[in-house]
S.K.: 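Supplied in structure tokens, the structure appears directly below.
Numbers restart at 1 for each chain; the letters A, B, ... are given by sequence-line order, proteins then strands.
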Protein chains: 2
Amino acid sequence: MNNTRFSTAIHILTLLADSGENWVNSDWIAGSINTNAAMVRKELSALQDAGFVIGRKGKEGGSRLNKPSSQISLADIYVAVKNTEVLGKKNLNTNPQCPVGKQINKELDQLYSDTDQLVINSLKGLTLENFAKKFR
Amino acid sequence: MNNTRFSTAIHILTLLADSGENWVNSDWIAGSINTNAAMVRKELSALQDAGFVIGRKGKEGGSRLNKPSSQISLADIYVAVKNTEVLGKKNLNTNPQCPVGKQINKELDQLYSDTDQLVINSLKGLTLENFAKKFR
DNA sequence: TCAATTGTAATAAAATTTGTTACAATATAA
DNA sequence: TTATATTGTAACAAATTTTATTACAATTGA
């Protein structure tokens with residue numbers, strides 16, 4: 001995760017969690033993060049796909065949570081945005097003639113997925129509700 | 001960690017662990033990983049800085065472990081090569097006028113370092129010795 | 001002295017991430 | 001029903017990170 005997607009997602013969701021039923025527009029969110037409204041809408045799109053958010057077009061449009069913040073865990077958010085494993089990428093095309101090159105990715109698969117799972121399980125205990133509460 | 005540094009480092013160290021006292025050259029290592037010898041030497045340089053490896057120049061030169069593989073944990077390796085936090089980068093320059101923008105990085109600092117520590121602690125239980133054993 | 005090797009720098013190429021611009025579709029309010 | 005504000009998305013551009021390549025001085029052993 002050499003990117004800001006988790007930071008951005010949790011920032012957006014915190015703003016929505018603390019905005020109740022109001023429709024919050026992407027320009028206002030972008031102002032808080034200090035980024036571009038189109039970037040925010042891209043991330044909102046992913047958060048909609050994950051079921052956390054609904055959007056409404058048109059004048060007075062915007063976004064709001066699609067479920068109580070108590071029912072969104074930081075694990076859910078992480079899984080929605082993560083695009084690499086915690087320990088990084090593997091070297092594909094290792095040399096099959098070498099005992100290590102031949103077998104290492106099979107061994108790493110286990111280690112890498114165990115490590116991901118560890119992180120996910122720990123984030124499961126944390127809710128957006130409790131995170132967002134800190135800013136009120 | 002959207003890179004192959006951990007994979008590469010553990011691959012190199014596994015080869016060295018299974019090569020005992022022999023001086024292993026970067027060309028041979030590169031052949032197993034299927035990458036460039038100069039890349040391997042760059043990573044070896046980092047592994048030397050971390051104290052895991054020693055190198056010798058000149059004809060018959062190469063690299064070998066600088067301590068028993070039982071005394072190198074996967075946590076040590078991870079720490080030596082990691083360059084981002086598990087949960088990624090933060091948005092700096094968030095808006096200080098916004099209650100969330102103002103405070104979020106302080107809250108994320110804790111979460112991010114806790115998550116890193118979780119991963120490191122879990123890798124502490126795993127040694128290079130046990131990993132390398134699988135390939136003999 | 002010759003040959004092989006490291007260590008490192010400089011550079012280039014490729015991939016990923018972030019930012020920008022534009023606009024059709026849509027929804028509200030006057 | 002018209003004007004206005006907004007999303008959702010695509011296309012593109014810029015910036016950053018990652019990986020690969022080339023080169024060569026310094027070193028070591030034979």
S.K.: Does a nitrogen or oxygen in the side chain of B:Ser26 sit under 4.0 Å from OP1 or OP2 of C:dT6?
M.R.: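 Yes, B:Ser26 has a side-chain N/O under 4.0 Å of OP1/OP2 on C:dT6.
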S.K.: Taking any heavy-atom pair under 4.0 Å as a contact, classify B:Asn2: base, sugar-phosphate, or nothing.
M.R.: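 B:Asn2: backbone/sugar contact only, no base atoms under 4.0 Å.
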S.K.: To the nearest angstrom, how far is A:Met39 atom CE from D:dT16 atom C1'?
M.R.: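 Between C1' of D:dT16 and CE of A:Met39: 13 Å.
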S.K.: Starting from P on C:dT16, measure out to NZ on A:Lys82 and report it in whole angstrom.
M.R.: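 So the two atoms are 16 Å apart, to the nearest Å.
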S.K.: Is the phosphate of C:dT8 approached by B:Ser45 (side-chain N or O, under 4.0 Å from OP1 or OP2)?
M.R.: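 Affirmative; the distance criterion is met.
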S.K.: Is B:Asp109 salt-bridged to B:Lys90, cutoff N-O under 4.0 Å?
M.R.: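 Yes, this pair counts.
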S.K.: Considering every strand and a 4.0 Å limit on heavy-atom distances, what is the contact class for B:Ser63: base, sugar-phosphate, or nothing?
M.R.: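 No contact.
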S.K.: Nearest of C:dT6, C:dG19, C:dT8 to any side-chain atom of B:Ala38?
M.R.: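 For the B:Ala38 side chain, the nearest candidate turns out to be C:dT8.
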S.K.: Once you apply a heavy-atom cut-off of 4.0 Å, does B:Thr35 come out as touching a base, just sugar-phosphate, or nothing?
M.R.: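 Result for B:Thr35 = sugar-phosphate.
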S.K.: Identify all pairs in which a protein N or O lies below 3.5 Å from an N or O of nucleotides 27-30 of chain D, and state each distance.
M.R.:
residue, atom, partner, partner atom, Å
D:dT27, O2, B:Gly58, N, 3.4
D:dT28, O2, B:Lys59, N, 2.8
D:dG29, OP1, B:Arg56, NH1, 3.4

S.K.: Measure the CG-CG distance between A:Asn66 and A:Leu16 for me, rounded to the nearest 0.5 Å.
M.R.: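 It comes to 11.0 Å.
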S.K.: In whole angstrom, what separates B:Lys90's NZ from C:dT17's C1'?
M.R.: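 For the pair B:Lys90 NZ and C:dT17 C1', the rounded distance is 18 Å.
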S.K.: In whole angstrom, what separates B:Leu92's CG from C:dT18's C1'?
M.R.: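 Rounding to the nearest Å, CG of B:Leu92 and C1' of C:dT18 are 14 Å apart.
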S.K.: Quick one: B:Trp28 CH2 to C:dT5 C1', roughly how many Å, whole number?
M.R.: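 Distance check: B:Trp28 CH2 to C:dT5 C1' gives 16 Å.
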S.K.: Give a yes or no on whether a salt bridge exists between B:Asp76 and B:Lys124, defined as a side-chain N under 4.0 angstrom from a carboxylate O.
M.R.: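 Salt bridge between B:Asp76 and B:Lys124, a charged N being under 4.0 Å from a carboxylate O: no.
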S.K.: Is the shortest side-chain N to carboxylate O distance from A:Lys82 to A:Asp116 below 4.0 Å?
M.R.: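 Salt bridge: yes.
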S.K.: Measure the CD1-CZ distance between B:Ile12 and B:Phe52 for me, rounded to the nearest 0.5 Å.
M.R.: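 So the CD1 of B:Ile12 and the CZ of B:Phe52 are separated by 12.0 Å.
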S.K.: Step through the shown structure and confirm whether more than 12 heavy atoms of other residues, nucleotides or ligands are within 6.0 Å of CG on A:Asn93.
M.R.: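 Not buried by this count: 12 neighbours or fewer within 6.0 Å.
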S.K.: Could you go through the side chain to side chain donor-acceptor pair (under 3.5 Å) check for A:Asn130 and A:Thr127 one step at a time?
M.R.: CA-CA 5 Å; A:Asn130 281 321; A:Thr127 63; 3.2 Å; yes
S.K.: In whole Å, what is the span from the CG atom of B:Asn22 to the C1' atom of C:dT5?
M.R.: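 Roughly 16 Å, once rounded to whole Å.
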S.K.: If you look at every strand shown and take non-hydrogen atoms under 4.0 Å, does A:Glu43 touch a base, only sugar-phosphate, or nothing?
M.R.: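 Nothing, no heavy atom under 4.0 Å.
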S.K.: Touch check for A:Asn36, heavy atoms < 4.0 angstrom, all strands: base, sugar-phosphate only, or nothing?
M.R.: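 Result for A:Asn36 = base.
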S.K.: Figure out the NZ/C1' separation between A:Lys42 and D:dC12, and round it to whole Å.
M.R.: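 These atoms are roughly 10 Å apart.
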S.K.: Applying a 4.0 Å non-hydrogen cut-off, can you work out what A:Asn83 is touching in the nucleic acid: base, sugar-phosphate, or nothing?
M.R.: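 Sugar-phosphate only.
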S.K.: Nearest whole angstrom, please: distance from the C1' of D:dT7 to the CG of A:Leu44.
M.R.: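 The distance from CG of A:Leu44 to C1' of D:dT7 comes to 10 Å, rounded to the nearest Å.
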S.K.: Please figure out whether B:Met1 or A:Arg41 has its closest DNA chain D nucleotide nearer the 5' end.
M.R.: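 Nearest nucleotide further toward 5': that of A:Arg41.
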S.K.: Pick the closest DNA chain C nucleotide for B:Lys89 and for B:Val24 by heavy atoms, then say which residue is nearer the 5' end.
M.R.: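 Its nucleotide being nearer the 5' end, the pick is B:Val24.
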S.K.: To the nearest 0.5 Å, what is the distance between CG (A:Leu108) and OG1 (A:Thr94)?
M.R.: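 Reported value, rounded in 0.5 Å steps: 9.0 Å.
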S.K.: Within the pair B:Gln48 and C:dG7, is there a side-chain N or O less than 4.0 Å away from OP1 or OP2?
M.R.: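 For B:Gln48, the contact criterion (side-chain N or O under 4.0 Å from OP1 or OP2 of C:dG7) is met.
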